[in-house]
Amino acid sequence: MQFITTYKAYNQPSPRSIFRHYALNALSLVKAPSAESLKQKRIVFTCFHSYFTDNEATLRAQLEFMGKHFKFISYSEGVRRLTTGEIDDNYICFSADDGYKNFLDACKVFDDYGIKALVFANPKVIGETNYETLKFYNDDRLSHGPMEFLSWQEVDDLLTRGHEVGNHTYGHRNVGNCSEEELQEQIVKSYEILQKHVGSDIHFAWPYGSPNDISQKALDLIYKTGHISAAAVDRHSHYTRLELVKERSYLIREQIEPFYPVNHVRYFLAKDHSVINR
Ligand SMILES: [Zn+2]
């Protein structure tokens, strides 16, 4: 009965991940984007999953680098600016998926930089402590070993400290292939449970994150329920205004995990991504 609490235990390098690491090292050297490309006015919504304390030096190095080129804002402020078009500087905000307990450790680091982050959680496992249940859920829904999730008390504490909590579906289901009844549970019931703690201004990020993992029906229900934004994951920065609710569009978060070396982060953020808006 042991939960994963270190990156060393979490990360099992595969030939593919090792190749990717060295390919990115080479790319960031050979195709290094210019410093100018870092200066473009935009909003970057970042997304990570887990933070482990043996990644502290890397996370701090990332934040030092980002702090030189971007202004740190909260996720809600990022969404507000995205919908009003106030993209008058380089902004970056932080979100984490899946509601792991290790988000609390990430926030200890974020606190040193004045960063308010958002965690997308799944109410089904908030406060769940049964080892076998957590082992099965982590394996079945998240494809890794047993890890712990936030408790409701910790959710409330995070909110008191100015961090944010969003909806990542009730039980980490792929809302691209849910029945009508399942969508009600994954989107609406989840919203209603979170609302009791968070209030009505709730952001949504769908599990697995690609456009294939969402349907138009699910997206319509997300906004009809009252969510103020919906989010995908891809390599992307936002340079122009997005009508999130009215046009049923979604924002795109850039995946930057706390263990990414700074040269990779620099490469991703400097690269001028094409604007892919629905
Ligand atoms: Zn997830």
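Position 1 is the first residue of the sequence; numbering continues from there.
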J.: Check the orientation of Y75 and F120. Use parallel for under 30°, tilted for 30 to 60°, and perpendicular for over 60°.
T.: perpendicular
J.: Which of parallel (below 30°), tilted (30 to 60°) and perpendicular (above 60°) describes Y100 and H144?
T.: tilted
J.: By the definition ring-ring contact (aromatic ring centres under 6.0 Å, His included), identify the one residue from F72, F70, F48 that meets it with F94.
T.: F72
J.: Tell me, please, which residues at least two apart from D213 pass salt bridge (Lys or Arg N to Asp or Glu O under 4.0 Å).
T.: none
J.: Check which hydrophobic residues are tied to I18 through side-chain heavy-atom contacts below 4.5 Å, counting indirect links as well, and list them.
T.: Y22
J.: Will you find, in the side chains of Y170 and N167, an N or O donor that is under 3.5 Å from an N or O acceptor?
T.: no
J.: So H69 and F65, would you call those rings parallel, tilted or perpendicular, with 30° and 60° as cut-offs?
T.: tilted
J.: Quick one, F45 and L118 - any side-chain contact, counting heavy atoms below 4.5 Å?
T.: no
J.: Around atom CZ of F136, are there more than 12 heavy atoms of other residues, nucleotides or ligands at under 6.0 Å?
T.: no
J.: Hey, are R60 and E56 close enough for a salt bridge, meaning a charged N less than 4.0 Å from a carboxylate O?
T.: yes
J.: Report yes or no: do L219 and V233 belong to one cluster of Ile/Leu/Val/Met/Phe/Trp/Tyr joined by side chain heavy-atom distances under 4.5 Å?
T.: no
J.: For K135, is the NZ atom crowded, meaning more than 12 foreign heavy atoms sit under 6.0 Å from it?
T.: no
J.: Are K189 and E192 close enough for a salt bridge, meaning some N to O gap below 4.0 Å?
T.: no
J.: With a 3.5 Å cut-off and no angle check, do the side chains of T46 and E254 form a donor-acceptor pair?
T.: no
J.: Please report the closest heavy-atom contact between H163 and K116, naming both atoms and the distance.
T.: ND1-CA, 3.6 Å
J.: What I want to find out is whether K108 reaches D105 closely enough, with some N-O distance under 4.0 Å, to be called a salt bridge.
T.: yes
J.: Mind running side-chain contact (heavy atoms from CB on, under 4.5 Å) on C107 and L158 for me, showing each step along the way?
T.: CA-CA 9 Å; C107 286; L158 283 167; 3.9 Å; yes
J.: Cation over ring, R20 on Y260, under 6.0 Å and within 45°?
T.: yes
J.: Is a salt bridge present between R81 and E77, judged by a nitrogen-to-oxygen distance below 4.0 Å?
T.: yes
